[in-house]
Q: 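One structure is given below, represented as structure tokens, and several questions about it will come after.
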There are 2 protein chains.
Amino acid sequence: MTTEQKHSDPALAFAAHDHAHCTGDVLARAEELSAETGARLTPVRRRALEILLESHRALGAYEVLEKLAEAGFGNQPPVAYRALDFLVDQGFAHRIRRLNAFAACMHPGEAHSPAFFICRACDAVAEAPAEAVRRAMEAAAARIGFSVERMNVEALGLCPTCAEAAS
Amino acid sequence: MTTEQKHSDPALAFAAHDHAHCTGDVLARAEELSAETGARLTPVRRRALEILLESHRALGAYEVLEKLAEAGFGNQPPVAYRALDFLVDQGFAHRIRRLNAFAACMHPGEAHSPAFFICRACDAVAEAPAEAVRRAMEAAAARIGFSVERMNVEALGLCPTCAEAAS
DNA sequence: GCTTGACATGTTATGCTATAACATACGATA
DNA sequence: TATCGTATGTTATAGCATAACATGTCAAGC
Ligand SMILES: [Zn+2]
Ligand SMILES: [Zn+2]
Ligand SMILES: [Zn+2]
Ligand SMILES: [Zn+2]
């Protein structure tokens with residue numbers, strides 16, 4: 001890994017880095033996409049995305065809600081769930097079922113079939129492209145005549161930093 | 001597919017079949033395994049497994065609880081969660097996070113890395129071996145230095161029967 | 001300008017999922 | 001038979017998610 005290691009490199013989620021790039025670049029990209037498609041990235045929705053981008057963790061809806069409320073938005077659950085549902089629909093965020101939580105998408109706009117690597121020690125979440133995984137699933141599905149519409153692929157384990165610390 | 005199509009063929013979950021075989025064979029296998037390992041397949045736990053085996057759907061903990069209560073066991077949530085946790089620990093059941101539900105394992109004892117195919121129309125759940133998926137995940141994990149301990153691989157879509165009906 | 005309709009947001013209330021904490025029972029072992 | 005580990009039962013509560021309704025905003029059509 002040299003200079004072509006981009007801020008969107010999944011390994012970065014598990015390492016110290018200039019996180020402002022993650023936030024700024026992805027947010028800008030989401031705005032471009034919204035302008036193109038006519039999706040309405042309103043203030044709550046935009047703020048919700050910022051909140052997710054401010055960490056590489058997945059945040060529960062109630063965590064997001066709390067921060068939205070701090071920013072002057074409503075403080076009832078539907079406020080957070082609606083904003084998050086919008087982000088997921090637009091592909092700006094992903095839902096991590098294992099954690100009942102949401103994480104900003106690191107590659108908005110790029111068709112991708114994400115896999116998530118969740119560190120059980122520090123709760124960091126890395127999103128990695130997983131085309132090979134998707135192909136394997138499609139193949140397995142084809143064998144039983146199943147047609148796949150959506151997938152959740154999540155792995156729990158230890159990130160490099162925590163694995164090091166544990167040994 | 002000819003006569004070597006076993007009751008454990010994942011496609012069967014989506015087709016009419018002699019379901020007593022699923023129930024009986026898998027339950028017997030679970031008992032063998034428990035005897036071998038010393039795991040205590042007590043009456044509640046055994047009944048919970050039977051309940052899961054009685055359908056190819058994934059059942060919520062409260063659904064299982066209701067049926068356990070009908071069988072004379074306690075009717076408070078921990079009764080169901082404890083039995084289900086035991087079954088999952090022993091590899092006799094799997095947790096389907098997308099549905100907040102549990103399904104009996106169709107291949108207890110065989111080391112396997114299951115993938116689940118969930119029909120969004122009829123709620124049937126098929127468990128298929130997915131070694132290729134696991135390998136792809138391990139490879140992706142290795143690239144970012146992540147060590148995988150557990151995985152959830154779930155696909156939502158249409159089973160052959162429902163796809164047919166919808167077209 | 002006014003009306004209408006689509007959509008976003010706010011709020012109340014409720015339902016579903018999961019676990020903490022403590023009490024009781026029971027078999028194995030010393 | 002005293003003790004310990006494990007299983008079960010029960011109470012209470014925490015955490016996650018949505019239904020239903022009210023209000024606000026803006027743009028299209030009259
Ligand atoms: Zn970052
Ligand atoms: Zn993504
Ligand atoms: Zn299995
Ligand atoms: Zn179906």
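Every chain is numbered from 1 and lettered A, B, ... according to where its sequence line falls, protein lines coming before strand lines. Just the heavy atoms: all of them, side chains too, but no hydrogens, waters or symmetry mates, feed the values below. Treat the numbers as computed from the prediction; the structure is a model and nothing was measured.
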Q: Please determine if A:R47 and A:E54 form a salt bridge, counting it only when a charged side-chain N lies under 4.0 Å from a carboxylate O.
A: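 So A:R47 pairs with A:E54 through a salt bridge.
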Q: Check whether the side chains of A:H112 and A:E127 place a donor and an acceptor atom closer than 3.5 Å, and report yes or no.
A: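 The criterion, which ignores hydrogens and geometry beyond distance, is satisfied for A:E127 and A:H112.
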Q: How many Å lie between CZ on A:F86 and C1' on C:dC7, as a whole number?
A: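 That distance rounds to 12 Å.
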Q: Measure from CZ on A:R98 to P on D:dC16 and round the result to the nearest Å.
A: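 The answer, rounded to whole Å, is 15 Å.
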Q: Under 4.0 Å between a side-chain nitrogen and a carboxylate oxygen: does that hold for A:R45 and A:E50?
A: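 The answer is no: the pair does not qualify as a salt bridge.
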Q: Measure the distance from CG on B:L68 to P on D:dT8 and round it to the nearest whole Å.
A: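 Distance check: B:L68 CG to D:dT8 P gives 11 Å.
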Q: Do any pairs count as a side chain to side chain donor-acceptor pair (under 3.5 Å) and have a residue in residues 145-160 of chain B, sequence neighbours left out, and if so which ones?
A: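 Only A:R98-B:N152, A:R120-B:E149 qualify under side chain to side chain donor-acceptor pair (under 3.5 Å).
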Q: Could you list the residues that satisfy side-chain contact (heavy atoms from CB on, under 4.5 Å) with A:A121, not counting sequence neighbours?
A: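 A:A121: side-chain contact (heavy atoms from CB on, under 4.5 Å) contacts with A:C119, A:L158, A:C162.
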Q: Over how many whole Å does the gap from B:D89 atom CG to D:dT6 atom C1' extend?
A: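 After rounding, the reported distance stands at 14 Å.
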Q: Could you state the atom-to-atom distance from CG of A:L65 to C1' of C:dG10 in whole Å?
A: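 Taking CG of A:L65 and C1' of C:dG10, I get 12 Å after rounding.
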Q: How does each nucleotide of nucleotides 15-30 of chain C score, in 5' to 3' order, for protein heavy atoms under 4.0 Å: base (B), sugar-phosphate only (S), or none (-)?
A: --BBBB----------
Q: Taking the ring centre of each residue, are A:H94 and A:F102 less than 6.0 Å apart?
A: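 Between A:H94 and A:F102, the centre distance exceeds or equals 6.0 Å.
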